[in-house]
Participant: 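Input: one structure, supplied below.
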Protein chains: 2
Amino acid sequence: MKRDVMADRGAQNTPTSGESLLFLTDEQLRRGIEAMFFAYRGFTADPDRILENYAYGRAHHRAIHFINRSPGTTVNNLLAILGVTKQSLNRVLRTLVQDGLVDSRVGTRDKRERHLYLTEAGVNLERELSEAQRVRMRAAYRAAGPEAVSGFRTVLEQMMDPELKHHYIATTECTK
Amino acid sequence: MKRDVMADRGAQNTPTSGESLLFLTDEQLRRGIEAMFFAYRGFTADPDRILENYAYGRAHHRAIHFINRSPGTTVNNLLAILGVTKQSLNRVLRTLVQDGLVDSRVGTRDKRERHLYLTEAGVNLERELSEAQRVRMRAAYRAAGPEAVSGFRTVLEQMMDPELKHHYIATTECTK
DNA sequence: AGCTTATGTCAGCCTTGTTGACTTTCCAAG
DNA sequence: CTTGGAAAGTCAACAAGGCTGACATAAGCT
């Protein structure tokens, strides 16, 4: 029983590697998997607490974040980034517009499109949320140091789905 | 108002640092935040696809993972790790026991406790799920290299809630 | 004997995801 | 100019998986 597990642990290192790839053992990978799990919990904990006061959820936070990141983005663009259905996103956007946090303006060039902007109230909530998140991220970065941060981002980028990666990359590459 | 944002961006580097803390700019932090968002999506994508075939969700995956990690764990211990209510966990465990993936045995020392074990079928599903996740993690690790992996784990550990961190640490420290 | 703990369960609610069907608006190609 | 299709919005229904509150049972502890 227990020995099966240990057998797995011992057999995963294919003979292709000598011993320089100890960081690729199944045990190391499992540690990484759990690190992602626990860290993501911490990562979302602060915004979640704040959102409770506004009767909003993570879905609202995501919308607010990406509208703030690229003001004037269209609904379709947001759909591609968030990877949810338009019905799901629309429900969130509707409440945000109703509550006066998001401004939805009909496109000038293509009037079918709606361009999304944060209102002043929206900007305020975005700042409250992202500042809480930045506080934690800043503490983690500071404690870990620049080299660790570089490695952190490198691994995370490798973990992204290639089709979704450009949403992350595009942020600083092309201002467009 | 808008100037506050710019003021923030400019002022976030406290004078305590000269210029060695460029990795702590708000822009760098935002990149880190989005990296977490997109990477977590990739991180869960493969298991999610597999779970659809079994009509299970992420909640089942989490339970299976941690029961596999520490066989014989109690319900209360699992509750502490997962951070959900017992009703929520119980709903998941019930289906897993009914479906013959998890074995729930009354404790010998304390008969109030239930000790949880994966059945053979449970082990098989766990392996299918974790192998998919390991494939992605392994690829990311391999592409990023050992130093990056070290930094990755360091930052993630810093990001965890201190009260939850021991669930991660305890994994390899004490076999108990 | 009585309090506490561990677990399970029922009922109901919320958020956030899904699908399917339908409408309106409007660009663009025939 | 008309029509096809894309973009967006809406309604309805449903499911997963969180939550709370209340309650039951069994078992350990004092």
Side-chain angles (χ1 to χ4, degrees), chain A residues 37 40-41 44-45 47-67 72-99 102-117, chain B residues 37 40-41 44-45 47-67 72-99 102-117:
Chain A
F37 171 73
Y40 199 78
R41 287 261 297 276
T44 55
D48 284 354
R49 259 190 297 275
I50 293 170
L51 289 159
E52 278 181 13
N53 307 330
Y54 298 86
Y56 288 147
R58 242 178 247 183
H60 301 85
H61 183 191
R62 289 194 281 262
I64 288 174
H65 173 94
F66 285 105
I67 294 173
T73 185
T74 64
V75 173
N76 247 5
N77 186 31
L78 216 47
L79 282 178
I81 291 176
L82 297 177
V84 298
T85 59
K86 64 175 177 175
Q87 293 91 332
S88 212
L89 175 58
N90 200 258
R91 178 170 39 199
V92 167
L93 285 179
R94 202 187 316 151
T95 70
L96 290 175
V97 169
Q98 281 172 357
D99 296 353
V102 167
D103 196 8
S104 171
R105 304 181 201 158
V106 172
T108 53
R109 222 185 41 197
D110 185 338
K111 294 177 190 166
R112 291 169 303 180
E113 297 178 340
R114 307 300 149 98
H115 297 271
L116 304 169
Y117 301 87
Chain B
F37 171 73
Y40 199 77
R41 288 261 298 275
T44 55
D48 284 354
R49 258 189 298 275
I50 293 170
L51 288 159
E52 276 180 15
N53 307 330
Y54 298 87
Y56 288 147
R58 240 176 248 183
H60 302 84
H61 183 191
R62 289 195 281 262
I64 288 173
H65 172 94
F66 285 104
I67 293 173
T73 185
T74 64
V75 173
N76 247 3
N77 186 31
L78 215 48
L79 282 177
I81 291 176
L82 298 176
V84 297
T85 59
K86 65 172 179 174
Q87 293 91 330
S88 218
L89 175 58
N90 200 258
R91 179 170 38 198
V92 167
L93 284 180
R94 204 187 315 152
T95 70
L96 290 176
V97 169
Q98 281 171 357
D99 296 354
V102 168
D103 196 6
S104 171
R105 303 181 202 160
V106 172
T108 52
R109 223 185 38 199
D110 185 338
K111 293 178 190 166
R112 291 171 304 179
E113 296 178 339
R114 308 298 151 96
H115 297 271
L116 304 169
Y117 300 86

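Residue numbers begin at 1 in each chain, while the letters A, B, ... track the order of the sequences. When reading the values below, keep in mind they use all heavy atoms of this one structure, side chains included, and skip hydrogens, waters and symmetry mates.
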Participant: Are the side chains of B:Phe66 and B:Leu82 in touch, meaning some heavy atoms are under 4.5 Å apart?
Facilitator: yes

Participant: Roughly, in whole Å, what's the span from CG in A:Leu96 to C1' in C:dT16?
Facilitator: 14 Å

Participant: Provide, to the nearest angstrom, the distance between the CG atom belonging to A:Leu89 and the P atom belonging to C:dT16.
Facilitator: 12 Å

Participant: Whole angstrom is fine here: how far is it from OH in A:Tyr54 over to P in C:dT15?
Facilitator: 17 Å

Participant: For B:Arg91, which contact category applies under a 4.0 Å heavy-atom criterion: base, sugar-phosphate, or nothing?
Facilitator: base

Participant: Would A:Arg62 pass as a cation-pi partner of B:Phe37, given that its NZ or CZ must be under 6.0 Å from the six-membered ring centre and within 45 degrees of the axis?
Facilitator: no

Participant: Heavy-atom nearest nucleotide on DNA chain C for B:Asn90 versus A:Gly83: which residue maps closer to 5'?
Facilitator: B:Asn90

Participant: Anything under 3.5 Å between a donor and an acceptor, one on a side chain of residues 48-60 of chain B, the other on a protein residue two or more places apart or in another chain? List them.
Facilitator:
{"unit_1": "B:Asp48", "atom_1": "OD1", "unit_2": "B:Arg58", "atom_2": "NE", "d": "3.3"}
{"unit_1": "B:Asp48", "atom_1": "OD2", "unit_2": "B:Arg58", "atom_2": "NE", "d": "3.2"}
{"unit_1": "B:Asp48", "atom_1": "OD2", "unit_2": "B:Arg58", "atom_2": "NH2", "d": "2.8"}
{"unit_1": "B:Arg49", "atom_1": "NH2", "unit_2": "B:Asp46", "atom_2": "OD1", "d": "2.7"}
{"unit_1": "B:Tyr54", "atom_1": "OH", "unit_2": "B:Glu128", "atom_2": "OE1", "d": "2.6"}
{"unit_1": "B:Tyr56", "atom_1": "OH", "unit_2": "B:Asp99", "atom_2": "OD2", "d": "2.3"}
{"unit_1": "B:Arg58", "atom_1": "NH2", "unit_2": "B:Thr44", "atom_2": "OG1", "d": "3.3"}
{"unit_1": "B:His60", "atom_1": "ND1", "unit_2": "B:Gly57", "atom_2": "N", "d": "3.0"}
{"unit_1": "B:His60", "atom_1": "NE2", "unit_2": "B:Thr95", "atom_2": "OG1", "d": "3.4"}

Participant: Please collect all salt bridge (charged side-chain N to carboxylate O under 4.0 Å, His left out) contacts where either partner lies in residues 82-95 of chain B, sequence neighbours excluded, each pair once.
Facilitator: none

Participant: Between C1' on C:dG17 and NE2 on A:His60, what's the gap in Å once rounded to a whole number?
Facilitator: 13 Å

Participant: What residues form a salt bridge (charged side-chain N to carboxylate O under 4.0 Å, His left out) with A:Arg41, not counting sequence neighbours?
Facilitator: none

Participant: Measure OH/A:Tyr56 against P/C:dT16 and give the value in whole Å, please.
Facilitator: 11 Å

Participant: Please list, chain by chain and in numerical order, all residues satisfying salt bridge (charged side-chain N to carboxylate O under 4.0 Å, His left out) with B:Arg109, sequence neighbours excluded.
Facilitator: none

Participant: State, yes or no, whether a side-chain contact exists between A:Asn76 and A:Leu79 at a heavy-atom distance under 4.5 Å.
Facilitator: yes

Participant: If you define the side chain from C-beta out and look only at heavy atoms, does anything of B:His115 sit under 4.5 Å from B:Thr73?
Facilitator: no

Participant: I'd like a list of close polar pairs between nucleotides 19-28 of chain C and the protein, N/O only, cut-off under 3.5 Å.
Facilitator:
{"unit_1": "C:dG20", "atom_1": "O6", "unit_2": "A:Gln87", "atom_2": "NE2", "d": "2.9"}

Participant: Across the strands shown, which category fits A:His115 at heavy-atom distances under 4.0 angstrom: base, sugar-phosphate, nothing?
Facilitator: nothing

Participant: CD1/B:Ile81 to CD1/B:Ile67 distance, rounded to the nearest 0.5 angstrom?
Facilitator: 10.0 Å

Participant: A:Arg58 has an atom CZ; how far is it from atom P of C:dT16, in whole Å?
Facilitator: 9 Å

Participant: Anything under 4.0 Å to a heavy atom of chain B counts; send over the first and last such nucleotide of DNA chain D, read 5' to 3'.
Facilitator: D:dG17 to D:dG28

